[in-house]
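Residue numbers start at 1 and run along the sequence shown. Not measured: the values here are computed from a predicted model.
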Amino acid sequence: MAKLPGSDVKLIRLNPEWSVEKAASTPIEQELSIDDFKGKRLIITLPGAGGFCNKEFDLVKDNMDKFKAAGAEEVIVVVGTDILSNAGRGIPNLFQDPDLEFAKANNLQLDGVRSRYLNRAVIAVDAEGNEVARENADLLGCRTVDALVNVAQKAFS
């Protein structure tokens, strides 16, 4: 097993409690890497706001219990660089990859496009930081919650 490429890249974690109304009193971001989390992690990459199949944001948020039941201790969503439009979505671990370093390390960037993750993946990482499962998604295909959860089940059960 190999360490997840780009797991040490500092990403911007968006505060799930942030909103325009609370902007003055609620910090919007902090810098963390996937390595800053411990335990079994499921990383779900999405195109970013305005991208294809934004309903996947809601699928992830509404089904956290299914990911946890499948063995994921942390669910981390990583998107491209649409920072404010993704803030406050209520996903506990929502990250932006502003320099696309994680995208480049994991072949998620579409050539010639700087601001979006257009190639998507679900990546399972064990407690030692090793990639143990990965499924890539078609650019235009919307993933079901079962397809996302199945990666965690295969990796962690």
Side-chain angles (χ1 to χ4, degrees), residues 1-20 23 26-64 67 72-143 145 147-149 151-152 155:
M1 289 185 287
K3 183 169 169 47
L4 174 67
S7 63
D8 59 341
V9 170
K10 291 295 182 185
L11 304 169
I12 296 173
R13 180 180 182 260
L14 298 174
N15 187 336
E17 305 301 319
W18 187 89
S19 69
V20 172
T26 305
I28 191 171
E29 64 188 46
Q30 68 183 120
E31 284 194 4
L32 293 171
S33 71
I34 289 169
D35 284 347
D36 289 328
F37 291 84
K38 302 301 174 212
K40 298 173 185 171
R41 292 153 278 177
L42 187 68
I43 297 112
I44 300 170
T45 68
L46 294 171
F52 301 105
C53 277
N54 275 342
K55 94 179 201 183
E56 285 184 46
F57 275 109
D58 293 329
L59 280 178
V60 172
K61 182 172 69 174
D62 296 342
N63 291 283
M64 281 293 179
F67 296 114
E73 295 168 343
E74 297 285 351
V75 178
I76 300 169
V77 176
V78 183
V79 298
T81 58
D82 299 334
I83 189 154
L84 290 177
S85 55
N86 283 320
R89 281 191 178 259
I91 297 174
N93 295 317
L94 178 59
F95 287 83
Q96 300 283 339
D97 183 10
D99 300 318
L100 298 177
E101 290 180 50
F102 185 78
K104 291 172 189 166
N106 286 282
N107 299 315
L108 300 169
Q109 184 181 17
L110 189 65
D111 288 339
V113 179
R114 294 181 51 205
S115 65
R116 301 263 193 242
Y117 276 34
L118 292 178
N119 297 322
R120 297 175 295 155
V122 181
I123 306 164
V125 178
D126 68 14
E128 287 75 44
N130 297 309
E131 180 180 321
V132 292
R134 175 190 293 248
E135 286 191 14
N136 295 320
D138 293 332
L139 174 60
L140 297 175
C142 294
R143 297 173 288 188
V145 71
L148 299 172
V149 170
V151 176

Between Val145 and Phe67 the two heavy atoms that sit nearest each other are CG2-CZ, 4.4 Å
Contact check, side chains of Val79 and Gln96, non-hydrogen atoms, under 4.5 Å: yes
Please report the interatomic distance CD1(Ile12) to CD(Glu31), rounded to the nearest 0.5 Å. 6.0 Å
What distance separates Phe102 CZ from Thr45 OG1, expressed to the nearest 0.5 Å? 7.5 Å
Arg143 and Glu135 ion-paired at < 4.0 Å: no
What pairs with Lys104 under side-chain hydrogen bond (donor to acceptor under 3.5 Å, both in side chains), at least two apart in sequence or on another chain? none
Determine, stepwise, if the pair Met64 / Ile91 fulfils side-chain contact (heavy atoms from CB on, under 4.5 Å). CA-CA 9 Å; Met64 281 293 179; Ile91 297 174; 4.1 Å; yes
Give the minimum heavy-atom separation between Asn63 and Leu59, together with the two atoms involved. ND2-O, 2.8 Å
Nearest heavy-atom pair of Leu94 and Phe57: which atoms, and what distance? CD1-CE2, 3.8 Å
What I want to check is whether the side chains of Asn93 and Arg41 have a donor and an acceptor closer together than 3.5 Å. no
With rounding to the nearest 0.5 Å, note down the distance linking CD1 in Ile34 to CD1 in Ile123. 7.0 Å
Please report the C-alpha distance between Asp35 and Lys3 in whole Å, then the side-chain angles of each, then the deciding distance to 0.1 Å, and finally whether the salt bridge (Lys or Arg N to Asp or Glu O under 4.0 Å) criterion is met. CA-CA 10 Å; Asp35 284 347; Lys3 183 169 169 47; 2.8 Å; yes
Could Asp36 and Lys10 be called an ion pair, given the rule that one side-chain N must be under 4.0 Å from one carboxylate O? yes
Hey, is the main chain of Pro5 close enough, under 3.5 Å, to the side chain of Asn106 for a donor-acceptor pair? yes
Closest heavy-atom pair and its distance - Ala155, Ala124: CB-CB, 3.4 Å
Any side-chain heavy-atom pair from Leu4 and Ile43 closer than 4.5 angstrom? yes
Can you measure from CZ (Phe37) to OG (Ser7) and round to the nearest 0.5 angstrom? 12.5 Å
Using 0.5 Å steps for rounding, measure from the NZ atom of Lys38 to the CD atom of Glu73. 12.0 Å
Calculate, to the nearest 0.5 Å, the distance between atoms CZ and CG belonging to Phe95 and Leu32 respectively. 5.0 Å
Which heavy atom of Arg134 sits nearest a heavy atom of Ala121, and at what distance? NH1-CB, 4.2 Å
